[in-house]
Amino acid sequence: MVCILNMVAPAKINLSIDVLGRRSDGYHQVAMVMQTIDLADLVTVSIGKTDTPIILRGGSLEAPPDTNNLVYRTAALVREQANLSIGVEIDLEKRIPVAAGLAGGSSDAAATMKAMNRLFHLGWSEEKMETLLAELGSDIPFLVRGGTALATERGEQVHILPEPPEFWVILVKPPFGVSTPQVYKALGAKSLPDPFSWTGIMTRDTVPDGTFTKKMISAIDQGSYTALIVAMGNDLEKVTLEWHPELKELKKRLIRLGCDQSLMSGSGPTILGFVEVENKARQIAEQMAEETRRSNYRVMVAGLRSSKGDV
Ligand code: C5P
């Protein structure tokens, strides 16, 4: 009998984000293309050996192993929904920066539910897990399957897309975090229609013309790296780059060092640089690390991670 599972919880990046309007429930209507990469946390989940319902160890200073941690909240949700009387023990090894626009906590949550589903033989479908996880955060459902997907509504509706052409990404994380609710609020106050009226769930065929996301889906369908680079865009940059002008400089610096494109991930502050081959990504990352050493920036390199296999 399997009683321990080692899960890989990959980070996500956004290849496009369009914020289309404010909704009456306080969220924003989005259309975005999400992609998992091979930077990942490790989540080890085992059947509990004691009477304690949930034991969570590890984490980090910014994501401590307490009851607010998304991993803890997911384990509590699974125990409640499945009426489990047996306890669960979870070890969380953080490698993805926290509050960085990379969905690290969300991915840990998805990995936790998938592991508990298997360990306790719950027989939950991916759709059921996506529905449950949407209650804990808009970007968590995507991380159940990962790979490449269009996310719509508040981000919780996931439509799988084909794999894009291969590329590599350089990630630069400044030594501060950004609050997603504050970024959305500032953007909403600036420029958006209110409330957003849309009937039915937006799919790849109904993403509005002229959006980054529409162009990105077409670039992925074509399998063209050049089209992908041209299509990229993130509406949330309008807020976060204004608040932190040094992020604009980072984007410029990545291009100067040879990246084909540069974009903020999620609500930031991580800035991404894109290139086609691994060697070039590593060279640029080395130079970037050298140039930013004194500013305490974290520089990482990652390739794509498809949806297959998570143990
Ligand atoms: O869904 P999640 O809890 O991750 O979202 C955090 C906050 O970000 C929400 O409470 C909301 O303020 C904002 N948000 C939004 N529109 C979205 C997603 C998030 O306004 N589509």
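All heavy atoms count here, side chains included; hydrogens, waters and symmetry mates do not. Numbering starts at 1 and runs along the sequence shown.
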Output for pair (Asn234 CG, Ser265 OG), nearest 0.5 Å, gives 7.5 Å
Mutual orientation of the aromatic rings belonging to His28 and Tyr184 [parallel < 30°, tilted 30-60°, perpendicular > 60°]: parallel
Restricting to non-hydrogen atoms, name the atom on Ala82 and the atom on Leu122 that form the minimum distance, rounded to 0.1 Å. CB-CD2, 3.7 Å
Measuring only between side-chain heavy atoms, which start at C-beta, is Ile160 closer than 4.5 Å to Thr148? no
For the side chain of Thr270 and the backbone of Ala100, is there at least one donor-acceptor N/O pair under 3.5 Å apart? yes
Which atom pair, heavy atoms only, marks the closest approach of Gly101 to Lys12? O-NZ, 3.1 Å
From the options Val301, Ile284, Leu257, select the one residue that forms a side chain to side chain contact (heavy atoms under 4.5 Å, CB included) with Val275. Ile284
Side-chain heavy atoms nearer than 4.5 Å, only ILVMFWY residues, links allowed to pass through others: does that put Ile90 and Val98 together? no
Examine distances only and state if a side-chain atom of Thr211 and a backbone atom of Pro208 form a donor-acceptor pair shorter than 3.5 Å. yes
Worked verdict on Leu150 versus Met32 for side chain to side chain contact (heavy atoms under 4.5 Å, CB included): CA-CA 6 Å; Leu150 163 70; Met32 49 193 180; over 6 Å; no
Do the non-hydrogen side-chain atoms of His159 and Arg204 ever get within less than 4.5 Å of each other? no
List the steps and the verdict of side chain to side chain contact (heavy atoms under 4.5 Å, CB included) for Leu133 and Leu143. CA-CA 10 Å; Leu133 287 165; Leu143 290 147; over 6 Å; no
Just by distance, no angles: are the side chains of Thr213 and Ser16 close enough, under 3.5 Å, to form a donor-acceptor pair? yes
Ser107 to Pro10 - nearest heavy-atom pair and separation: OG-O, 2.7 Å
Starting at OG of Ser262, measure out to CZ of Arg256 and round the result to the nearest 0.5 Å. 11.5 Å
Thr50 side-chain N/O to Thr52 backbone N/O, donor-acceptor pair under 3.5 Å: yes
Glu278 and Arg282 ion-paired at < 4.0 Å: yes
Rounded to the nearest 0.5 Å, what separates atom CD in Gln35 from atom CD1 in Ile13? 6.0 Å
Could you walk me through whether Glu153 and Arg23 pass side chain to side chain contact (heavy atoms under 4.5 Å, CB included), step by step? CA-CA 9 Å; Glu153 309 323 293; Arg23 300 166 23 139; 3.8 Å; yes
Under a 4.5 Å side-chain heavy-atom rule over Ile, Leu, Val, Met, Phe, Trp and Tyr, are Leu132 and Val144 clustered together? yes
Any side-chain heavy atom of Trp124 sitting closer than 4.5 Å to one from Lys114? no
So which atom in Asp235 and which in Val19 form the shortest heavy-atom distance, rounded to 0.1 Å? OD2-N, 2.8 Å
Please tell me if the side chains of Glu130 and Ile140 come closer than 4.5 Å, counting only heavy atoms from C-beta onward. no
Looking at residues at least two apart in the chain, or sitting in another chain, which of them share a side chain to side chain donor-acceptor pair (under 3.5 Å) with Asp38? none
For residues Trp243 and Met264: do they belong to one hydrophobic cluster (side chain heavy atoms under 4.5 Å, members Ile, Leu, Val, Met, Phe, Trp, Tyr)? yes
State, yes or no, whether a side-chain contact exists between Asp66 and Tyr72 at a heavy-atom distance under 4.5 Å. no
So CD of Gln157 and CZ of Phe142: to nearest 0.5 Å the spacing works out to 14.5 Å
Val183 versus Lys185: any side-chain heavy-atom pair under 4.5 Å? no
Would a 4.5 Å heavy-atom cut-off, applied to side chains only, mark Ile47 and Ile86 as touching? yes
So which atom in Ala281 and which in Trp168 form the shortest heavy-atom distance, rounded to 0.1 Å? CB-CB, 3.8 Å
Which side-chain N or O atoms in residues 39-46 pair as donor and acceptor under 3.5 Å with protein atoms at least two apart or in another chain?
unit_1: Asp41; atom_1: OD1; unit_2: Arg95; atom_2: N; d: 2.6
unit_1: Asp41; atom_1: OD1; unit_2: Ile96; atom_2: N; d: 2.8
unit_1: Asp41; atom_1: OD2; unit_2: Lys94; atom_2: NZ; d: 2.7
unit_1: Thr44; atom_1: OG1; unit_2: Asn6; atom_2: OD1; d: 3.0

Side-chain heavy atoms of Val30 within contact of Thr152, under 4.5 Å: no
For the backbone of Gly258 and the side chain of Lys280, can you confirm whether one donor and one acceptor N or O come within less than 3.5 Å of each other? yes
Is any NZ, NE, NH1 or NH2 atom of the basic residue among Glu89 and Arg57 found under 4.0 Å from an Asp or Glu carboxylate oxygen of the other? yes
Is Tyr27 linked to Val239 within one hydrophobic cluster, defined over Ile, Leu, Val, Met, Phe, Trp and Tyr using a side-chain heavy-atom separation of less than 4.5 Å? no
Should we count CG of Asp25 as having more than 12 external heavy atoms under 6.0 Å? yes
Side-chain donor or acceptor of Asn14 paired with backbone N/O of Gly266 under 3.5 Å: yes
Side-chain H-bond candidate by donor/acceptor type, Thr131 with Glu127, under 3.5 Å: no
Stepwise side-chain hydrogen bond (donor to acceptor under 3.5 Å, both in side chains) test for Ser138 and Arg154: CA-CA 6 Å; Ser138 305; Arg154 62 182 167 91; 2.9 Å; yes
Testing the basics here: between Ala31 and Val207, what is the closest heavy-atom pair and its distance to 0.1 Å? CB-CG1, 4.4 Å
To the nearest 0.5 Å, what is the distance between CE (Met300) and NZ (Lys173)? 8.0 Å
Among the clusters formed by ILVMFWY side chains lying less than 4.5 Å apart, do Phe212 and Phe274 turn up in the same one? no
Return the OG1 to CE distance between Thr292 and Met288, rounded to the nearest 0.5 Å. 5.5 Å
Go through it in stages, so that I can follow the logic: the residues are Thr74 and Thr112, the test is side-chain hydrogen bond (donor to acceptor under 3.5 Å, both in side chains), and I'd like the CA-CA distance, side-chain angles, deciding distance and then a yes or no. CA-CA 7 Å; Thr74 303; Thr112 301; 5.6 Å; no
Go through the steps to decide whether Val158 and Arg145 satisfy the test side chain to side chain contact (heavy atoms under 4.5 Å, CB included), and finish with yes or no. CA-CA 9 Å; Val158 182; Arg145 287 178 281 179; 4.3 Å; yes
Would you indicate whether Glu126, at its atom CD, is surrounded by more than 12 heavy atoms from other residues, nucleotides or ligands within a distance under 6.0 Å? yes
